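Notes for the one structure printed next.
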Amino acid sequence: NAGVTQTPKFQVLKTGQSMTLQCAQDMNHEYMSWYRQDPGMGLRLIHYSVGAGITDQGEVPNGYNVSRSTTEDFPLRLLSAAPSQTSVYFCASRSPLLRDYGYTFGSGTRLTVV
Amino acid sequence: KQEVTQIPAALSVPEGENLVLNCSFTDSAIYNLQWFRQDPGKGLTSLLLIQSSQREQTSGRLNASLDKSSGRSTLYIAASQPGDSATYLCAARGSNYKLTFGKGTLLTVNP
């Protein structure tokens, strides 16, 4: 199994540009989530999904959109990038909902907004 | 709101030493607690998961304990090696499926 795959690994954006960070898992996990990691702030939850067609906001959702059309994919969209969104982004998944075997994380996307 | 604190923020030890990393959480109503390792510039690797009904979990030289009533978890690393150098993160999972992370302990094991 590939686990949780994130693309791209690195990205530089100009302020105002849009982009989508991709996250895919092949473990048939129901729960998927996005975190950002910033120095001194730790990991903070952006958005999460408990299944296809269901998404909800986390701690820091502003500036980000998500959708979950399939079990496998959970893309994160930045509609108009800002320097404050410079961060490392991690996607995570977990299953099943009723029996928690812990979270699996992707290797991250390092985003710089200039 | 759950808050997770890890002490110390950084730790430097000589090779071979046994060490303990601490994690405390404010809301004892957790489903489980997970310890991760993060190498510089890399993702998170799961080390141990302790369910709320368990007291401890072991994997090789690692042992994690959980005391829900006091809001504490510890990660014990036996016979530390330079390859153990990394940032160690603990995360508490609440009833809403969300993980709350501590800020981590940066461990350096010196040869």
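These numbers were taken from a predicted model, which means no experiment stands behind them.
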> Passes side chain to side chain contact (heavy atoms under 4.5 Å, CB included), A:Leu45 versus B:Leu99? Steps please.
Replying inline: CA-CA 8 Å; A:Leu45 180 65; B:Leu99 281 180; over 6 Å; no
>> Please determine whether the number of non-hydrogen atoms from other residues, nucleotides or ligands lying under 6.0 Å from atom CZ of A:Arg44 exceeds 12.
In response: yes
> Does any N or O in the side chain of B:Lys98 come within less than 3.5 Å of the main-chain N or O of A:Gly58, such that one atom is a donor and the other an acceptor?
Replying inline: no
>> Do A:Tyr64 and A:Val88 land in one hydrophobic cluster if side-chain heavy atoms of ILVMFWY residues count as linked below 4.5 Å?
In response: no
>> Assigning hydrophobic clusters by single linkage (Ile, Leu, Val, Met, Phe, Trp, Tyr; side-chain heavy-atom cutoff under 4.5 Å), is B:Leu21 placed with B:Phe36?
In response: no
> Just how far is it from atom CG of A:Leu43 to atom OG1 of B:Thr100, taken to the nearest 0.5 Å?
Replying inline: 11.0 Å
> Can you find a pair of side-chain heavy atoms, one from A:Arg94 and one from B:Gln34, that are under 4.5 Å apart?
Replying inline: no
>> At a 4.5 Å cut-off on heavy atoms, which part of A:Arg110 comes close to chain B: side chain, backbone, both, or neither?
In response: side chain
>> As a quick check of understanding, evaluate side chain to side chain contact (heavy atoms under 4.5 Å, CB included) for B:Phe101 and A:Gln37, giving each step before the final call.
In response: CA-CA 10 Å; B:Phe101 281 86; A:Gln37 185 176 36; over 6 Å; no
>> If you compare all heavy atoms of B:Gly43 against all heavy atoms of A:Phe90, which two are closest, and at what distance to 0.1 Å?
In response: CA-CE2, 3.4 Å
> Do you reckon B:Leu89 sits in the same ILVMFWY cluster as A:Tyr89, going by side-chain contacts under 4.5 Å, direct or chained?
Replying inline: no
> Side chain, backbone, both or neither: which part of A:Gln6 has a heavy atom under 4.5 Å from chain B?
Replying inline: neither
> Under 4.5 Å between side-chain heavy atoms, hopping through other hydrophobics if needed: is there a path connecting A:Phe74 to A:Val60?
Replying inline: yes
> Just how far is it from atom CD of B:Gln38 to atom CZ of A:Phe105, taken to the nearest 0.5 Å?
Replying inline: 9.5 Å
> Going only through I, L, V, M, F, W and Y residues with side-chain contacts under 4.5 Å, is there a path from B:Leu107 to B:Val4?
Replying inline: yes
> Any chance CZ of A:Arg77 has more than 12 other-residue heavy atoms, nucleotides or ligands included, within less than 6.0 Å?
Replying inline: yes
